[in-house]
Every structure is written in structure tokens, then in C-alpha cells.
Amino acid sequence: MAFFNLTPSDPSTFILTGIPGLEASHILISIPFSMFYFISLLGNFTVLLVVYKEQTLHKPMYLLLCMLALTDIGTSTSVVPKALCIFWFNLKGITVGGCLTQMFFLHAASVMHSAILVTMAFDRYIAICKPLSYATILTNARVAKLGLVGLIRAVLFILPMPLLLRIQPFCANHVIPQTHCDHMAVAKMSCGDITVNRTYGLVIALVVIGFDLMLIALSYGLIITAVLRISSEKAHQKAVNTCTAHICVILTSYTPSLFSFVTHRFGQGIAPHIHIILANLYFLVPPMLNPIIYGVKTKEIRDKVGKYTCKM
């Protein structure tokens with residue numbers, strides 16, 4: 001990307017240390033890293049394959065599942081391969097351009113992931129509160145457009161991060177105590193004033209997480225209100241079953257993200273390796289669990305996966 005060209009004051013490479021203080025255990029740590037990553041790729045590619053092959057699954061809900069699977073693959077792939085190179089082969093160097101590119105795709109995938117969860121909450125609201133209008137309100141074309149809007153939002157929000165860092169002068173110390181190029185970890189290496197970088201990162205995190213969580217909460221508030229008006233116990237159970245998978249995905253996605261965000265900025269007393277492990281949980285756990293959650297809770301996905309497994 002042209003906007004990642006280096007200025008003369010920039011160092012040629014950064015050094016990613018992995019997990020400081022646990023260097024002797026890198027090989028051991030790589031075992032859950034590689035296992036989680038393999039399970040994540042297997043689960044998400046299985047979802048993509050099943051939905052692609054089955055015409056009966058070419059519906060808005062499953063299109064959203066495919067979008068979620070793609071962002072999960074993108075998020076974990078932005079981090080894990082480089083982390084494994086550090087753990088296995090001690091390949092710690094990364095060019096500044098590569099670092100900023102990794103940062104861009106990593107954070108853009110995270111913002112896109114959040115947008116998809118909001119769209120899925122809207123999908124659940126329409127399915128429960130306006131079931132007769134579901135087919136006309138949520139068409140495949142409309143869901144695709146919502147996905148495109150989420151992608152454009154992610155690019156516009158995240159693009160300034162590497163652009164602002166590109167113009168920063170970096171100190172002689174090129175060591176990043178991380179497994180990946182996190183925005184604030186790179187910004188802290190600068191010898192210049194990073195107030196703008198720090199403020200922009202904080203604002204984006206609060207806007208994306210805060211605004212998206214508010215929309216999700218609004219959707220579920222309307223769902224709960226509608227369900228409470230229904231006296232049928234069977235209808236209550238159906239509504240719960242409809243939302244369970246999405247609620248589980250929200251919890252697995254936002255909980256490690258929020259916890260890592262809070263500890264990174266306000267948990268100065270926490271050991272550095274705890275910060276890094278918490279940050280990596282966001283890139284490892286949700287991409288692994290999301291296809292499992294939807295595979296277990298969605299009968300259509302479960303049945304089709306079982307059919308292809310029996311064929312194999």
C-alpha cells in the first residue's frame with residue numbers, strides 16, 4: 001500500500017518479542033495457539049463450504065454467518081501465523097510496512113466483526129417481532145448492502161491509524177513487547193507526541209464498542225418487550241432458542257475485547273505477559289467458538305455438516 005511508504009526517520013524493521021517473561025515457554029504456548037487456530041479455520045471454512053454448497057441455506061441469516069466466518073478467519077490469520085513464527089523459529093523481525101499493514105487488517109476485521117454482530121441482532125429482532133415481514137425486510141441483497149456498509153465503516157475508521165503512525169518519528173528502541181502490531185504498542189515507540197494517536201484510538205474503541213453495544217441492547221430490549229406480551233410458553237421458548245446462539249457469540253466476542261481494552265489502558269499494575277495473553281484471547285477464542293456455537297445451536301447447519309461428514 002502506497003500510504004505505508006517510510007520516511008527517512010523511520011526504522012527499517014520492528015522486533016516483536018512474543019510474550020515477554022515467558023520466552024522459555026514459547027514452544028509450549030504455541031501448542032494452544034496452533035490448536036485454536038486450526039480449529040478456528042476448520043470450523044469457519046466448514047460453515048462457508050456448507051452454506052455455499054446448500055441452496056436451501058442461501059438466506060440472510062446464513063449469509064450473515066458467512067460474513068462472521070470471514071471476519072473470524074481474517075482476525076485470527078492477521079495475528080496467529082506471525083506469532084507462531086516467533087514461537088517456533090524465533091523470527092521476530094517485521095518491516096514497518098508489514099507492521100502497519102497487519103495493524104490495519106487486524107483492527108479493520110475487528111470493527112467489521114462488530115458491525116456484523118449488530119446486523120445479526122437486527123436480524124433476530126425482525127425474525128421475532130416482525131416474522132411475517134421478515135422475507136420482505138431482510139433480503140439477501142439488503143444484507144449484502146449492510147455488510148458493505150460495515151466494511152466501508154471499518155476501512156474509514158481504521159485507515160487513519162496507520163496514516164497517523166506513518167508520520168511519527170520512532171525512537172532507537174524498535175522492540176514491541178507483543179505478538180502482533182497493536183496500535184498503541186506501536187504508538188508508544190514514537191519519540192514524538194502521540195496525544196492524537198492515543199485519543200483517536202480511544203475514541204474509535206468507545207464509538208465502535210459503545211455504539212454497537214447500544215444498538216444490540218436496543219434490539220434485545222425490543223425483543224424482550226415483544227416476548228413478554230406473548231402469553232404462550234412455547235413462543236417464549238422459541239424466542240429464546242432463536243437468540244441463544246447470537247447472545248453467546250456476543251459474550252465470547254465482546255468480553256475478552258473489553259477486558260483487554262480496560263487492562264491495557266488502566267491496569268498498569270498487571271504483569272505485561274498477562275496483558276498480552278488477554279489480548280491474544282480475543283484473536284484465538286471467538287474465531288474458534290463462533291462456528292461451534294452456531295453449529296450446535298442451528299439445526300440446519302448441524303444437519304448439513306452431519307450429511308457431509310457421513311459422505312466423507
Side-chain angles (χ1 to χ4, degrees), residues 3-4 10 14 16-17 20 71 74-75 78-79 96 99-118 121 149-171 173-218 250-286:
F3 56 79
F4 289 155
D10 287 331
F14 291 151
L16 293 168
T17 62
T71 57
T75 301
S78 297
V79 173
V96 177
C99 187
L100 296 179
T101 301
Q102 183 193 52
M103 177 197 306
F104 171 77
F105 282 108
L106 171 61
H107 292 303
S110 299
V111 173
M112 180 66 185
H113 188 276
S114 185
I116 293 169
L117 291 181
V118 173
V149 169
L151 178 61
I152 293 171
R153 183 188 77 150
V155 172
L156 292 179
F157 278 11
I158 300 303
L159 189 59
M161 287 184 176
L163 290 176
L164 289 170
L165 284 174
R166 173 181 170 271
I167 61 177
Q168 284 285 351
F170 289 100
C171 303
N173 178 21
H174 305 161
V175 178
I176 304 174
Q178 272 278 14
T179 56
H180 60 278
C181 291
D182 178 73
H183 173 245
M184 282 311 302
V186 177
K188 287 176 181 177
M189 296 170 57
S190 173
C191 300
D193 184 5
I194 61 168
T195 303
V196 174
N197 304 77
R198 188 186 296 274
T199 303
Y200 187 78
L202 182 63
V203 168
I204 289 300
L206 292 176
V207 166
V208 170
I209 296 176
F211 183 68
D212 288 358
L213 280 176
M214 182 182 71
L215 290 178
I216 291 171
L218 176 62
I250 289 171
L251 292 175
T252 59
S253 298
Y254 283 115
T255 303
S257 176
L258 285 168
F259 200 59
S260 175
F261 173 78
V262 171
T263 56
H264 187 73
R265 281 168 172 77
F266 308 110
Q268 286 76 13
I270 300 176
H273 64 273
I274 300 298
H275 281 292
I276 297 168
I277 291 171
L278 287 173
N280 280 285
L281 285 177
Y282 174 71
F283 311 122
L284 290 168
V285 176

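Atom CD1 of residue Ile194 and atom OG1 of residue Thr199 lie 9.5 Å apart, to the nearest 0.5 angstrom. To the nearest 0.5 angstrom, Arg166 atom CZ is 9.5 Å from Leu100 atom CG. Between the NE2 atom of His183 and the CD1 atom of Ile204 there is a distance of 9.5 Å, given to the nearest 0.5 Å. Put simply, CG on Leu218 and CG on Leu213 are 12.5 Å apart, with the number rounded to the nearest 0.5 Å. Atom OH of Tyr282 sits about 11.5 Å away from atom OG1 of Thr255, to the nearest 0.5 Å. Interatomic distance, OG1 of Thr71 versus CG of Leu117, reported as 7.5 Å (0.5 Å rounding).
Across Ile276 and Gln178, no two heavy atoms sit closer than the pair CG2-OE1, 3.6 Å. Between Tyr200 and Leu156, the closest heavy-atom pair is OH-O, 4.0 Å. Looking at every heavy atom in both residues, Ala115 comes nearest to Gly150 through CB-CA, 4.0 Å. Residues Val111 and Ala154 approach most closely at CG1-CA, 3.7 Å, considering heavy atoms. Taking each heavy atom of Ile158 and Phe104 in turn, the nearest pair found is CG2-O, 3.7 Å. Ala187 and Asn197 make their closest contact through CB-CB, 4.4 Å (heavy atoms, listed as atom of the first residue, atom of the second, distance).
Each side chain to side chain donor-acceptor pair (under 3.5 Å) pair with one or both residues in residues 150-165, not counting sequence neighbours, appears once here: Arg153-Asp212.
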- Decide side-chain contact (heavy atoms from CB on, under 4.5 Å) for Cys99 and Leu165; before the verdict, give the C-alpha distance in whole Å, the side-chain angles of both, and the deciding distance to 0.1 Å. CA-CA 11 Å; Cys99 187; Leu165 284 174; over 6 Å; no

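His107 has its side chain within reach of Asp182: a pair of non-hydrogen atoms, C-beta onward, lies under 4.5 Å apart.
The side-chain contact (heavy atoms from CB on, under 4.5 Å) search around Leu215 returns Val118, Phe211, not counting sequence neighbours. For His180, the ring-ring contact (aromatic ring centres under 6.0 Å, His included) criterion is met by Phe283, not counting sequence neighbours.
Between the Gln102 side chain and the Cys181 main chain, a donor and an acceptor come within less than 3.5 Å of each other. A donor-acceptor pair under 3.5 Å is absent between the side-chain atoms of Ser190 and the main chain of Phe170, judged by distance alone. Put simply, the side chain of Ser110 gets close to the backbone of Leu106: a donor and an acceptor are under 3.5 Å apart.
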